[in-house]
S.K.: 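Just passing along the structure, written as structure tokens.
Throughout, protein chains are lettered first and strands after them, A, B, ... in sequence-line order, and every chain is numbered starting at 1.
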Number of protein chains: 2
Amino acid sequence: MHKQEVTIYDVAREAKVSMATVSRVVNGNSNVRKETRERVEEVIKRLHYQPNAVAQGLASKRTTTVGLIVPELTNLYFAELSKGIDDIALLYKYNIIITSIENRLMKEDQVIQGLLNKQVDGVIYMSNKLTDEAAEAFKRTSTPVVLAGTKDNRLDFPSVTINYHKADTEALNLLLNDGKKNLGLVLGDAEAVVNSEHRIPAYREFLADHDMEEHLYTGVYDYSDGYNLYPKLIKDGVDGIIVTGDNSSVGILNAAVDSGAKVPEDFEIITASATQIASVVRPALTAVKQPLYDIGAVAMRMLTKLMNNEEVEDLHIELPYELVKKQSTINR
Amino acid sequence: MHKQEVTIYDVAREAKVSMATVSRVVNGNSNVRKETRERVEEVIKRLHYQPNAVAQGLASKRTTTVGLIVPELTNLYFAELSKGIDDIALLYKYNIIITSIENRLMKEDQVIQGLLNKQVDGVIYMSNKLTDEAAEAFKRTSTPVVLAGTKDNRLDFPSVTINYHKADTEALNLLLNDGKKNLGLVLGDAEAVVNSEHRIPAYREFLADHDMEEHLYTGVYDYSDGYNLYPKLIKDGVDGIIVTGDNSSVGILNAAVDSGAKVPEDFEIITASATQIASVVRPALTAVKQPLYDIGAVAMRMLTKLMNNEEVEDLHIELPYELVKKQSTINR
DNA sequence: CTGAAAGCGCTAACAT
DNA sequence: ATGTTAGCGCTTTCAG
């Protein structure tokens, strides 16, 4: 397996310089005479020399690779975040090792350890919930970590999010103003910090302020969870809901439509994390439009600073969201 | 930046063996006495030793990392393929470096060269079209490459696909049997081998066999392309179409629905690469259901064999597809 | 501005 | 079964 035909040494010999000089040329070090540089560059081109990034990584202790930890690959929410990350990573010449943690073949801390063993320069963690094992693994390392779309109360990892409390309150107000009386909140994991510390408190405060009854549904993760939940919502008399998952919100919507319910007249739905899917269903879903691309991009940008030991003014960035009215709420 | 606290050398000293023995233990080499192994393992655990994968990679010339080249991150078609790849990669303990080529900041061959410089052990390329520059880059290297969901006629790279010709013919027959008279084919890139060598020929043969008029639309890539195409379809008198992109098929569907057309009575749609999105829209789309997860999984499995120089009986695997009738064609 | 030399942490013959 | 010894290809002082 003679992958590497031509090494830095070959270039050095051919250009009649030392490998140190070739290394300088490759790395854009300015301490090289113009003529020398040009001679080396000519040889590099002629020999089709390409630096071995693994050797560079070992010698320099920087791999220009970051790890991405994502709960599911086939979820547009994470895909849109990832795209923001990817674009900025490309800009700063980092590669991305992506690892999903949905497969139970390997525990989450093992996945993270595997990433750290590969000497990634940094990690971006996306998920509604920072699990204990992940937190443990992260705090054992000096590798910088940024949370995208999640917060953590215990360990204060850098994060990029929106203001969930404010967003949900605004969405609840929309339902209230549309005349809905029994407002529900549909969540995935109730333990997730975003839910337990932000969304649920916002919901309860709202209920208290308006003297309303609580209709909290947890453990609703995907399309079919949402679809199956719908009859229960109706039985409970709920007429307006905020759904934190995009797929589950579409499940609920389709269950409503398929059962002949009138949306939004009888039943209103607001999705709290809109992806493309929210706008292609009919009726299109009114949504809290999180700037997913930007969250990813800002998180990655922050990570580049952390990896370079640059000053980072604010380690907890909240980006603006937008409440976009579509057809699943009364439009006026 | 003293990331690596404890090295193989520390373990060796502490366990009073040579680093070679520690290496053997770490790599599961059987040539180690049981007691020695246990002593070393105890030290490894006590010192929290973790092997540096970069150093392993440099010394062994194997990085247990594969590169994934995907046209778009935010497209469920590729996400579902990726999930199949990811699961098998995890099983065989490979990490994945994912690179999208939608960002024009870097040319495709540069992206590929970057992957090769990182010494990936193999590459999986997904896209309807293997571009010239990609093909050039691949043929310069000895690193194995597998195409997932694409074929190539020039260079005969290993591939995993379905039989597009057969699938499209079957879909066209369905439209015909539903009484549709003017059948259209809506594509993205007409130059893509899958289209130029498989889908278009299948379409033309079908038209010839049934003495029908051609309605071929190319350059239709995303949702809005599809949405905007609809009026033209109607003007052209098309009453049944096969759409190769899932997002564009939904665009066409919504344009039809929004304009009050009756689907499937007046207009039938079959999507030729169904993802989750095809089943959540209403009416749900009749689809050629490609086994995307399996295509990814089989491609990755094939790649593991290639990377280990194992025998691969068939380098061009075609997996079975399924024509799933939903609501965008007449159901009977 | 350039070169010499010492590693980075590990694997893989080759000995013993 | 275990140790010794070269590297893998590159970066990075340190000299000059």
S.K.: Answer yes or no: does a side-chain N or O of B/Ser18 lie under 4.0 Å from OP1 or OP2 of D/dG3?
M.R.: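 For B/Ser18, the contact criterion (side-chain N or O under 4.0 Å from OP1 or OP2 of D/dG3) is met.
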S.K.: Establish, with yes or no, whether the OP1 or OP2 oxygen of D/dC10 is under 4.0 angstrom from a side-chain nitrogen or oxygen of A/Ser23.
M.R.: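 Answer is no, no contact under 4.0 Å.
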S.K.: Could you walk me through whether A/Asn117 and A/Gln113 pass the side-chain hydrogen bond (donor to acceptor under 3.5 Å, both in side chains) test, one step at a time?
M.R.: CA-CA 6 Å; A/Asn117 292 352; A/Gln113 190 58 59; 2.9 Å; yes
S.K.: Take atom CZ of B/Arg13 and atom C1' of D/dT4, then tell me their distance rounded to the nearest Å.
M.R.: 18 Å
S.K.: Return the value, rounded to whole Å, for the distance between atom CD1 of A/Ile8 and atom P of D/dT12.
M.R.: 11 Å
S.K.: Can you measure A/Tyr49 atom OH to D/dG9 atom P for me and round it to whole angstrom units?
M.R.: 10 Å
S.K.: Hey, does A/Val17 reach any base, or is it just sugar-phosphate, or nothing, if we go heavy atoms under 4.0 Å?
M.R.: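 Sugar-phosphate: the residue A/Val17, judged by heavy atoms under 4.0 Å, touches backbone atoms but no base.
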S.K.: With a 4.5 Å heavy-atom cut-off, do A/Ile124 and A/Val66 have their side chains touching?
M.R.: no
S.K.: Give a yes/no answer on whether the side chain of B/Asn27 brings an N or O atom under 4.0 Å of OP1 or OP2 in C/dT11.
M.R.: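 Yes, within the criterion.
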S.K.: Could you tell me whether the phosphate oxygens of C/dC1, OP1 or OP2, come under 4.0 Å of any side-chain nitrogen or oxygen in A/Thr21?
M.R.: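 Answer no for this pair, as no side-chain N or O of A/Thr21 is under 4.0 Å from OP1 or OP2.
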S.K.: Nearest-nucleotide wise, let me know which of B/Ala55 and B/Asn31 is further upstream toward the 5' end of DNA chain D.
M.R.: B/Asn31
S.K.: Crowded around B/Arg104 CZ? As in, over 12 foreign heavy atoms under 6.0 Å?
M.R.: no
S.K.: What is the distance from CE of B/Met19 to P of C/dA13, rounded to the nearest Å?
M.R.: 15 Å
S.K.: Which is more 5' along DNA chain C, the nucleotide nearest B/Arg24 or the one nearest B/Leu58? Just name the residue.
M.R.: B/Leu58
S.K.: Would you kindly give the OH-to-P distance between A/Tyr9 and D/dT11, to the nearest whole Å?
M.R.: 16 Å
S.K.: Between B/Thr141 and B/Thr143, do the side chains contain a donor N or O and an acceptor N or O under 3.5 Å apart?
M.R.: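 There is such a pair between these side chains.
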S.K.: For A/Gln119 and D/dT11, give me the distance from atom CD to atom P, rounded to whole Å.
M.R.: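 Distance check: A/Gln119 CD to D/dT11 P gives 17 Å.
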S.K.: Whole angstroms only, please: what is the NZ-P distance between B/Lys61 and C/dG9?
M.R.: 19 Å
S.K.: Under 3.5 Å, side chain of B/Asn27 to main-chain N/O of B/Ser23, donor-acceptor pair present?
M.R.: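 Checked: pair present.
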S.K.: From the list D/dT4, C/dG9, D/dC10, which nucleotide is the closest neighbour of the side chain of A/Thr7?
M.R.: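 Nearest to the side-chain atoms of A/Thr7, counting from C-beta on, is D/dC10.
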S.K.: Select from A/Ala59 and B/Val32 the residue whose nearest nucleotide in DNA chain D is closer to the 5' end of that strand.
M.R.: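 It is B/Val32, whose closest nucleotide lies nearer the 5' terminus.
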S.K.: Whole-Å distance between D/dG9 C1' and B/Gln56 CD?
M.R.: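 Between C1' of D/dG9 and CD of B/Gln56: 17 Å.
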